[in-house]
Structures are given as C-alpha cells and as structure tokens.
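These notes are about the structure you will find just below.
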Protein chains: 4
Amino acid sequence: MLNRVILIGRLTRDPELRYTPAGVAVTQFTLAVDRPFTSGGSKEREADFINIVTWRQLAETCANYLRKGRLTAVEGRIQVRNYDNNEGKRVYVTEVIADNVRFLESSGGGNREEGGSSNANAGYGGGSSNRGGGSREQQDPFIDDGKPIDISDDDLPF
Amino acid sequence: MLNRVILIGRLTRDPELRYTPAGVAVTQFTLAVDRPFTSGGSKEREADFINIVTWRQLAETCANYLRKGRLTAVEGRIQVRNYDNNEGKRVYVTEVIADNVRFLESSGGGNREEGGSSNANAGYGGGSSNRGGGSREQQDPFIDDGKPIDISDDDLPF
Amino acid sequence: MLNRVILIGRLTRDPELRYTPAGVAVTQFTLAVDRPFTSGGSKEREADFINIVTWRQLAETCANYLRKGRLTAVEGRIQVRNYDNNEGKRVYVTEVIADNVRFLESSGGGNREEGGSSNANAGYGGGSSNRGGGSREQQDPFIDDGKPIDISDDDLPF
Amino acid sequence: MLNRVILIGRLTRDPELRYTPAGVAVTQFTLAVDRPFTSGGSKEREADFINIVTWRQLAETCANYLRKGRLTAVEGRIQVRNYDNNEGKRVYVTEVIADNVRFLESSGGGNREEGGSSNANAGYGGGSSNRGGGSREQQDPFIDDGKPIDISDDDLPF
DNA sequence: TTTT
DNA sequence: TTTT
C-alpha cells in the first residue's frame, strides 16, 4: 500500500552498472548508514549496509557520478526478492529500489581517491550510451558549480 | 546518518512475542505491502513481505492488539544483521526496527476471525506482565471508540 | 533537494474539486492529523490541520472517493506559495502537494453520512468528465472488494 | 496519526536561538529546498522556504554548528499554529518541528563565509550554557574527522 | 473554518 | 512460509 524509504549514507564501493538482456540499465551499490547509537560498551560506530538498485536513466547517472565514499541520499521503496540457490534452498534478498538519488558531495569533498572520479565517468558513460540506449549526453555536473545534483527516475514499474 | 522507513500493509499472521534472556520483550511480524503496479501481463497484485521487529513496551502492545490481516502503518529504520549459519555460511537478515506503529483497523473492520481479538489480548497481556516486567495494565483500545491507536517506543537503542 | 512528507489523518470536510482556466483538475482538502501527545494538563487530543493539494487524475479520483471523516494516507512534498493580499501584504501559504493518496477506509467504515458517497461520486464524476477532460470512466472501487485504494499522480510538475 | 517530514536543503541565514520564559532553548531557521523541476519556461531553479523549529538540546546544537548556506537534512513533523494578530485576524503558521538534524557539510565545505563558523560557535555556546541550562560541554564536531554530525532531540512533547 |  |  505505501512503502517509502529515505536513507543518507556513504557508498561502500564504486557502483556497478549492468544491462538486462533487453538492454535496460541497472546499477547496484551499497550504502553504509551509520546507526544513531553505539551498541553495548563499544565506542565503535556501527552501520547498516543497505543494497540499493536503480534502473534506466537513473542507473546510468548513478554509475557516472557516484563513487566509493560519497555521501548520498536515496529515496525509494523496499523490495524483497527470492530465488532458489544452487542447493535448492530459497534465498530472500532485500533491496531498496531507488527512484530518487541526491549526490551530497562534489568530487572534491571527502573522497579519498582523488582524481579517479572523472576518469571512471568517461569509461562508464561511453560504454553505456553504446549498449543501453536512452542515455543523453551528459556533462560532469560538478564541474561548473559544485552544487549537489538531483536525479529521479521516470517512476515506471521494474 | 539517516534511515527512515514508512510502510502500510497487512499482517501475514499474528505477531510473535518473545523475551530476551534479560526479560526484554520483542515482537516480530511480517507486513504484506502491495506493490504499486502489476508486473508483466499478470493481473495479480504482488506484494513485498517485510519483517518488522518491535521492542519493549511497543512489542507488548503490538502483540496485544495486532492480528493477522490487519491494516497497519509502521515507521522505523532498516537494520541489516548477519550471522553464520550451521554450515558456516554468513547469512544476512534485513528487518525494519519499528519505533511507531499505527493500528489502522479496529477489531471489527475487515477481519475474518471476528471476536478473536479480545480473547487473544488477554492471553498475551497476562503472560507478558508476569514475565517481562514494564507492562502497564491495558484495556482493549477498540472497545469504546473504534478509533485507530497510536503507539511509539521510547526511542532507546536496542 | 529532497522534500518528502507522509501523513495519516482524517478529512475535515469533503474535498473540493476545481479546474484551472486551462482545464486542469485541482482538488484541495484538509487532513486533521492527531498529535502524538496531549499538551499541558489537557486530556484533549490536539491535531494539526494540514492543507493538501492534488492535481489532474489524482485530483479527480480524490474528489470522487474521499469524503469528510475518512482515514487517509498522503505522500507528497511541502510547498510554500506567497501572494500579496488586497491590503498589499505578502501572505505565505504552506500546502502539501500530494503525489500519492491511499484511502484507508471503505465507504462503510466510520462514515456518518452513509450512502452519501456513491451519490456524490456520480455528481463529481459527471461534472469532471464534461469540463476537465482526461477523466476516464471509473467505478466505485469499494463496491466489490472493500479493499483500500492506491492512486498516484503521474509525477509531472505543477 | 502519522506525520513525518524529511527535507534536505540549505539554511537561508544563521539560525536564531532564543529561550522561553521557563528557560527552554528554541532555535529557528529556514531551509531553502530546491524544487525538483523548473516552472514554465524559466531556467531558474525555484525553492520552497520552509521554517524549521528545534527545541532544547537539539536547539543548542543547531545554533552552535549550523550556519547560513550549509547543506542540512531535517527530520520532523509538520505543525500548524495559529494566533490572532494585532488587527484581530487569525494567522496560520506552518512549521516543521525537527527531532533529527544532520549536518551534511563541515565548516570548510561550500560555505561562502569561510572561518566565520568556529568564531560564532563560541559566542552561541557561551551564551546558551549560561542562560538556558541543560547544555553539556561540546566540542566542535568537525575538528577531528570532517564527518557529518548526527543529533536528535529526546522526543519529549513541546 | 476543522477530523475520529 | 505469506495479507486484502
């Protein structure tokens, strides 16, 4: 009936872009979301590692501009898939299907692998527009203003 | 950093109340949340089955008043636990830790097991106040007004 | 950047459907959302009265099926408009622009004006399809199943 | 019943800290939240300017560390107050009462008034602990790690 | 101007 | 393993 999730956290690694056999772009990444407390006596801050999936144009934009370590806001819904693994056991997978992603940090801010970002973008961008279709020409949105970026998907079923 | 979930769906079965060795009440149930679309050519409405966990006073109230089939709103955060199963394989479990639950349907409305509700309440309520501590005397909130109920936990870590 | 609101409350009166000069449907209603506490010594439950605006197809469906007193979930974003009133003073108006509305109560449940619903629907529905265009033929969704209804707008700017 | 808001935007000015006659800290600020589209033919990005109110410890922390222009996430609920103005007319005020605020930018990042931040903090901090009570000694959380800060209120009524 |  |  109603299923809404909003998360802010950091990517645990660079996003992974793939294509379905029909050529639809899918990007997956994991968000580390710090818990609002420390458990037990531990001074260590714990986090939940939450799998995010994006589709189509949003997938391509995420693949182009998100990188490991970036602070990111994600809006979407929880989806629970299940499949039978190779031992015939049913496995349940919970993911957040994002329909709105906000890049809260420009390439310069707090990213440990400086300079890697624009290089990787070119690679991803080139590949995607050749294979997946639907990818408009994009510029690195961080180049001219340093402002966070807003992107949404078109809200189609997936 | 920020982790917020809001769901509306129906319980797939009666909630299960347990107690930790330290006597803390924990209630679990599953919410069936209809997806906003039908996939492929199917006319069948699909749902996500999302596991909900509540603690302490909120756990007792949920065990007392929620029943299979009831339309319910849940507010909380996504938590990902992992443990090693008996084959030494790491298993990941995703749950929503609820801190706010709203009962959107009184016992009369759309429930197939009419009258079962107040009976079960007594059973649960008696058990919980003996074992778990912290349970104040409660009346069936549906008796006198038929209004939805609001309950929240105290927001402590768990 | 990100602006998300989720409310559950009851309509303070029947929704009002209008049309812009260009023929676009707009429906407004107010949601009474009980506060999670009682202020001061008062036993009275207070509420916030929050103005909701819906557009186009969602507006027509809300006008057709929502009625005073109905428990309703609304998802949307906060919008702040301002205009200069007839004394030349700037007035600020805050509304929630809904893109998703869930009817949590069928016509039978908790509505004091029994039977008024289907009558009013016909009136609204007839008027709207004549004037506004874009309104598909609709049946009362409560007739055959008594399930809550899900409706969303098409996510266009407004 | 349920009333949840999540916003990400930038402060339009420095926050304002006041105290009630009873000595309770209240901080107000306005968040500029860019709309997800541009209206009409305009290339200008529009924003909603949303008033935020925080209470007690959260108020003091916001006053200490938030500054004009900072990217900030706010979680809370919509509240509608009304009062009669000096012409005897009823005025309605809509605000977001925040119970959770996340500072998404450290003092260095994207702030146009460089260096102003730590100075102002000291001023506010000193004042608040003298007048308001309840303010624990705090360090500038940005000094040692550059990570965003998480703060919540104690969830009491206000 | 407010709902249950 | 699922609800209406």
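Only this structure's heavy atoms are used, side chains among them; waters, hydrogens and symmetry mates stay out. In the text below, chain A, chain B and the rest are named by the order of the sequence lines, each starting its count at 1.
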Measuring from the side chain of [X] (C-beta onward, heavy atoms only), which nucleotide among [options] has the closest atom?
X: C:Phe49; options: F:dT4, F:dT2, E:dT3; value: E:dT3
X: C:Thr12; options: F:dT2, E:dT4, E:dT2; value: E:dT2
X: B:Asp34; options: F:dT2, E:dT3, F:dT4; value: F:dT4
X: B:Lys68; options: E:dT1, F:dT2, F:dT3; value: F:dT3

Using a 3.5 Å distance criterion without hydrogens, assess whether the side chain of B:Asn82 forms a donor-acceptor pair with backbone atoms of B:Arg90.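 Checking the backbone N and O of B:Arg90 against the side chain of B:Asn82, no donor-acceptor pair under 3.5 Å is found.
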Please give, in whole Å, the distance from [N] [atom2] to [X] [atom1]?
X: B:Arg10; N: F:dT1; atom1: CZ; atom2: C1'; value: 20 Å
X: B:Asp14; N: F:dT3; atom1: CG; atom2: P; value: 12 Å
X: B:Leu104; N: E:dT3; atom1: CG; atom2: P; value: 20 Å
X: C:Asp48; N: E:dT2; atom1: CG; atom2: C1'; value: 12 Å
X: B:Asn51; N: F:dT3; atom1: CG; atom2: P; value: 14 Å
X: C:Leu31; N: E:dT4; atom1: CG; atom2: P; value: 12 Å
X: A:Arg81; N: F:dT2; atom1: CZ; atom2: P; value: 18 Å
X: B:Leu66; N: F:dT2; atom1: CG; atom2: P; value: 21 Å

Categorize A:Tyr92 for me: base, sugar-phosphate, or nothing, with a 4.0 angstrom heavy-atom threshold over every strand shown.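 Touches a base.
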Sequence neighbours excluded, which residues qualify as side-chain hydrogen bond (donor to acceptor under 3.5 Å, both in side chains) partners of C:Thr30?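 In terms of side-chain hydrogen bond (donor to acceptor under 3.5 Å, both in side chains), with neighbours along the sequence ignored, C:Thr30 is linked to C:Asn51.
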Does A:Thr94 have any side-chain hydrogen bond (donor to acceptor under 3.5 Å, both in side chains) partners at least two apart in sequence or in another chain, and if so, which?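 In terms of side-chain hydrogen bond (donor to acceptor under 3.5 Å, both in side chains), with neighbours along the sequence ignored, A:Thr94 is linked to no residue.
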At under 4.0 Å, does any side-chain N or O of D:Arg90 touch on OP1 or OP2 of E:dT1?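 So the side-chain polar atoms of D:Arg90 do come within 4.0 Å of the phosphate oxygens OP1 or OP2 of E:dT1, strictly under.
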Give me the atom names and distance for the closest heavy-atom approach of C:Cys62 to C:Thr27.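 Between these two residues, the closest heavy atoms are CB-CG2, 4.3 Å.
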Closest heavy-atom contact between B:Arg10 and B:Gly69?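 Result for this residue pair: NH1-O, 2.9 Å.
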